[in-house]
Amino acid sequence: MDIINGEKLTYRYGSADRYAIRDVDIRVKKGGLVAILGHNGSGKSTLVKHINALLLPQSGSLTVDGIDVTSKADVFAIRRKAGMVFQNPDNQFVSSVVEDDVAFGLENYLVSREEIPGLVTKALERVGMEGYEKHSPQMLSGGQKQRVAIAGVLAVDPEILIFDEATAMLDPEGRSEVLDIIRKLHATGEKTILMVTHYVEESIMADRIILMKEGRVLAEGTPEEILTDEKLMAESGLMPPASCRIYSELKRAGYELDSCPLTEAELVETICRY
């Protein structure tokens, strides 16, 4: 069952010379993890901002769980159904105390005051930030800030989670923490997850990849189908994962290995089998 269904989505900012996205089709099954991959300026963020009605299509159609995103009467419902985590967590903070910040969305959705403390605690536990309720967000590390921002979205329990370059401003440790949360959320099967990224390695964990270039969908498929296709990756302007590049060099050197591995562990296993 498709929870997101878009056809011929087109959008151009103001008087820009070119379209940010043009004739984009997107279908996402409930419970899936989809990576939207592409260089900066490929239209990734513009596309996902349509899914929670931050932007409205200038042409084409888009439904989220059967709701038309252009319906003004349903904007509130769409934004509760599709929560977004942005690149810079500082832009999402509205309070000087962690627990108040996580509670902000719940208050907006008129959740009863009696329920809010328990929901805040649960959300912080899910991202490993329990015990930080009284801390100031500004005193946290980048990775901790982003985990609090994720908790604020999780607290209102959206069916769809959108991570818009959520690791781009983090150091390796912070990136690892956020990616681990995404993996755990996907493993439960409770959420549909869209992950916008230009990091090829991050897209390996997805069920499917939508590869974008210059506002259009260049290709769509499994990580194995997309990331091991050297010509396709070259056309997109992105480099295949390191394991794929090493595999290709070994094949060119005359080593007939099995199918292209996506991770370093798979590469080691492939070489050991040889």
Side-chain angles (χ1 to χ4, degrees), residues 2-13 16 18-52 55 57 59-62 64 82 84-87 160-168 175 178-179 182-183 186 192-248 259-264 266-267:
D2 293 335
I3 193 169
I4 298 168
N5 195 325
E7 295 183 356
K8 302 291 183 184
L9 291 171
T10 298
Y11 189 88
R12 178 165 57 185
Y13 292 96
R18 67 180 184 87
Y19 288 92
I21 57 172
R22 188 162 192 176
D23 294 329
V24 171
D25 294 342
I26 180 170
R27 290 177 179 80
V28 178
K29 293 190 179 299
K30 193 170 186 177
L33 169 53
V34 175
I36 302 178
L37 180 65
H39 255 307
N40 291 334
S42 61
K44 309 181 302 294
S45 292
T46 299
L47 175 58
V48 296
K49 284 175 182 175
H50 282 74
I51 294 169
N52 74 340
L55 297 175
S59 66
S61 63
L62 175 63
V64 175
M84 183 174 282
V85 179
F86 295 94
Q87 182 181 116
I160 301 166
L161 291 169
I162 303 168
F163 294 88
D164 186 9
E165 301 273 17
T167 66
R175 281 184 65 195
V178 170
L179 293 174
I182 294 173
R183 288 188 191 94
H186 179 48
T192 301
I193 301 173
L194 279 75
M195 181 174 63
V196 171
T197 184
H198 61 267
Y199 293 120
V200 171
E201 289 77 10
E202 291 184 359
S203 67
I204 291 172
M205 72 168 115
D207 301 323
R208 295 189 68 75
I209 293 174
I210 296 173
L211 182 63
M212 297 191 69
K213 180 183 179 182
E214 297 177 353
R216 296 180 182 270
V217 174
L218 184 61
E220 182 176 356
T222 65
E224 290 79 9
E225 292 168 337
I226 300 295
L227 302 180
T228 63
D229 188 325
E230 287 188 275
K231 290 183 179 179
L232 180 62
M233 293 301 290
E235 186 179 353
S236 74
L238 296 171
M239 294 181 68
S243 56
C244 290
R245 301 198 303 273
I246 295 170
Y247 167 84
S248 297
S259 58
C260 182
L262 289 177
T263 66
E264 291 180 9
E266 290 173 357
L267 176 63

Roughly how far apart are [X] [atom1] and [Y] [atom2], rounded to 0.5 Å?
| X | Y | atom1 | atom2 | value |
| --- | --- | --- | --- | --- |
| I246 | L267 | CD1 | CG | 5.5 Å |
| I182 | L161 | CD1 | CG | 9.0 Å |
| I226 | I209 | CD1 | CD1 | 6.0 Å |
| E224 | C260 | CD | SG | 9.5 Å |
| E202 | I204 | CD | CD1 | 10.0 Å |
| H39 | S236 | NE2 | OG | 7.0 Å |

Contact summary for [X] and [Y], nearest pair of heavy atoms:
| X | Y | value |
| --- | --- | --- |
| V200 | M239 | CG2-O, 3.2 Å |
| A206 | P223 | O-CG, 3.2 Å |
| L232 | D229 | N-OD1, 3.0 Å |
| G31 | T192 | N-OG1, 2.8 Å |

Does [X] use its side chain to pair, donor to acceptor, with the backbone of [Y] at less than 3.5 Å?
| X | Y | answer |
| --- | --- | --- |
| D164 | Q87 | no |
| S243 | L262 | yes |
| T10 | R22 | no |
| H50 | L62 | no |
| R216 | D23 | no |
| D25 | K8 | yes |

Should R27 and E7 count as an ion pair when the cut-off is N to O under 4.0 Å?
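A salt bridge links R27 with E7.
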With a 4.0 Å cut-off, would you call K44 and E165 a salt bridge?
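Looking at K44 and E165, the cut-off is met.
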Among C244, P261, S248, which residue meets the side chain to side chain contact (heavy atoms under 4.5 Å, CB included) test with T228?
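Exactly one option meets the side chain to side chain contact (heavy atoms under 4.5 Å, CB included) with T228, and it is C244.
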Counting C-beta onward and ignoring hydrogens, is there a side-chain heavy-atom pair between [X] and [Y] closer than 4.5 Å?
| X | Y | value |
| --- | --- | --- |
| L37 | L227 | yes |
| Y13 | T46 | yes |
| V178 | V85 | no |
| M195 | L179 | yes |
| Y11 | K49 | no |
| H186 | M205 | no |
| I4 | L194 | yes |

Checking side chain to side chain contact (heavy atoms under 4.5 Å, CB included) for the pair L211/L238: CA distance, chi angles, key distance, verdict?
CA-CA 10 Å; L211 182 63; L238 296 171; 4.0 Å; yes
Can you check side chain to side chain contact (heavy atoms under 4.5 Å, CB included) on M212 and I21, steps first, answer last?
CA-CA 9 Å; M212 297 191 69; I21 57 172; 4.1 Å; yes
Are more than 12 heavy atoms from other residues, nucleotides or ligands located less than 6.0 Å from atom CD of E201?
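More than 12 heavy atoms, drawn from other residues, nucleotides or ligands, come within 6.0 Å of this atom.
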